[in-house]
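One-based numbering along the sequence shown. Just so it is clear, the structure is predicted and the values come from calculations on it, not from any experiment.
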Amino acid sequence: MKIIFVGSSRWIDGESVVGRCRNLAAALTESGLYQAAVIALEELLRNDERAVAACEAADLLIFHRLMDERVIQVLPFWKARGKKIIIDLDHPLPSADFRGERMRRYTGWEIRDSAAEEKFRSGLRMADLITASSQRLADDCTVYARSIYLPDYLDLNRYLTPRMEHPGEVWVGLPHEDEASAFAFLPEMIAMLHEVGRLRPQVRFFVPHPGLSSEGFAGLEEPWFVPVAMTSLEEWPRLLSGLDVGLAPADGSSGTRIGRRRVLEYMAARVPWIASDVQPYHEFARYGWLVRNTPHEWRRAILEVVDHLEAYRAEVGGEAFLAALGQDVHENIHAIATIYASVI
């Protein structure tokens, strides 16, 4: 079987395309189970000769994340040519707290009214299968097509980098700017981080971002806030290796539908972590610290980990790291391949 993953080349989609397309395609091909490759969605939409030829030769097309009007229009064309279609989602469906600008960041489409929302859902109905990055999201999708939970897996080879040392400072990693700016509790979060910085002057908060500014955390001030320009996704594992504490906040009902990648990355990099108490992170609760989304809870957790950093480092270097090893994409590729084979 030949599989083509179709992923956007937008910066905001880069991490998810690597995690849910490129890593899977490489592991499938290396295993000898199937032939798999990744093409850019933008090239397919403009009828690039090589992209079209790749889809023509494939048995299965997997469209990842970006589900705007252009994508919905091309799905019937490929179904009519006998291709099986999987839609892979790692963001919530349109809802009261996930539409407009927030929806546009992930789907490329501002879904502001019921007509646009129905068009989006009509695209889901064309899928032979929907794979989702959380069980809750998979459950949401069952009314449109057969849906299954496909967890985030890591290519652990990316995270085997030497640790960066920085004596006298404690580096705390915040989510990427494009994720962080969407959190409903962001203003309160920023105020809490300021307080932590005043109480623990050795703390430095790092926010990776693709440009020269970081609007998502514009309220943070020096010396605590250190924006880190990340020009390539390959830099992310290197930045991870320098963190002492990792934060993974998620908000509201949308937060119950995200994937588990952020926490898994911290575990693979042996970084103590604190995350919002949402369902996707529950399976790893014993290896980190889950908190309610209140300034008090976040402040208490960050100060606790910063003040007892060596003890928490010892914990993540043991069972937590071994648990992350079990989530390597190569270790799980046969289970993933079985899911894809079920549509043929």
Side-chain angles (χ1 to χ4, degrees), residues 1 3-8 10 12-13 16-17 19-21 24 41 44-45 55 58-152 182 250 252-261 278-280 335-344:
M1 179 168 67
I3 302 174
I4 291 295
F5 292 83
V6 185
S8 168
R10 301 185 310 169
I12 193 174
D13 301 318
S16 62
V17 169
R20 296 187 69 84
C21 297
L24 299 186
L41 172 65
L44 180 61
L45 293 178
C55 291
D59 304 292
L60 171 62
L61 304 181
I62 302 176
F63 288 84
H64 171 66
R65 182 187 272 193
L66 193 63
M67 280 289 293
D68 65 11
E69 292 179 280
R70 301 169 302 164
V71 177
I72 292 172
Q73 289 171 358
V74 304
L75 292 181
F77 173 83
W78 290 108
K79 284 188 71 71
R81 300 182 78 83
K83 309 304 177 184
K84 296 297 184 179
I85 302 292
I86 291 179
I87 294 174
D88 179 60
L89 297 178
D90 65 347
H91 61 75
L93 300 181
S95 64
D97 68 340
F98 196 77
R99 60 173 66 246
E101 174 59 21
R102 292 194 65 190
M103 192 70 183
R104 186 191 67 77
R105 294 170 71 85
Y106 290 95
T107 67
W109 188 7
E110 289 193 26
I111 297 179
R112 296 187 177 277
D113 55 45
S114 58
E117 186 171 321
E118 175 54 32
K119 187 175 291 187
F120 176 86
R121 297 179 190 278
S122 72
L124 299 183
R125 295 188 187 100
M126 285 186 264
D128 295 290
L129 176 69
I130 298 173
T131 51
S133 61
S134 73
Q135 184 61 61
R136 188 73 177 272
L137 181 56
D139 293 342
D140 291 343
C141 294
T142 55
V143 297
Y144 307 108
R146 185 168 69 91
S147 304
I148 192 167
Y149 169 41
L150 177 58
D152 292 318
S253 63
S254 298
T256 66
R257 292 163 171 83
I258 61 174
R260 60 184 192 163
R261 184 178 65 245
V278 294
Q279 186 274 332
I336 298 167
T338 300
I339 292 174
Y340 294 155
S342 70
V343 303
I344 300 299

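Summarising the geometry, atom CZ belonging to Arg260 is positioned 11.5 Å from atom OG belonging to Ser134; distances are rounded to the nearest 0.5 Å. In this structure, CD in Gln279 is found 7.5 Å from CD in Gln135, a value given to the nearest 0.5 Å. Considering CG of Leu24 and NE2 of His64, their distance stands at 10.0 Å, rounded to 0.5 Å. Distance check, rounded to the nearest 0.5 Å: CG of Asp59 to CD1 of Ile4 gives 10.0 Å.
A pairwise comparison of heavy atoms in Met67 and Leu75 identifies CE-CD1, 4.4 Å as the closest pair.
Residues Phe5 and Asp88 fail the side-chain proximity criterion, which asks for heavy atoms closer than 4.5 Å. Side chains of Tyr144 and Ile87 form no contact here, defined as non-hydrogen atoms less than 4.5 Å apart. Leu93 is listed as a side-chain neighbour of Cys141, based on a closest heavy-atom distance under 4.5 Å.
A side chain to side chain contact (heavy atoms under 4.5 Å, CB included) with Leu124 is found for one member of Leu89, Ile72, Asp140 and no other, namely Leu89.
No salt bridge links Arg20 with Asp90; every basic N to acidic carboxylate O contact stays at or beyond 4.0 Å.
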*asked:* Test side-chain contact (heavy atoms from CB on, under 4.5 Å) on Ile3 and Ile86; report intermediate values, then the result.
replied: CA-CA 10 Å; Ile3 302 174; Ile86 291 179; over 6 Å; no
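Ring geometry, Phe120 versus His91: the interplanar angle falls from 30° to 60°, so the pair is classed tilted.
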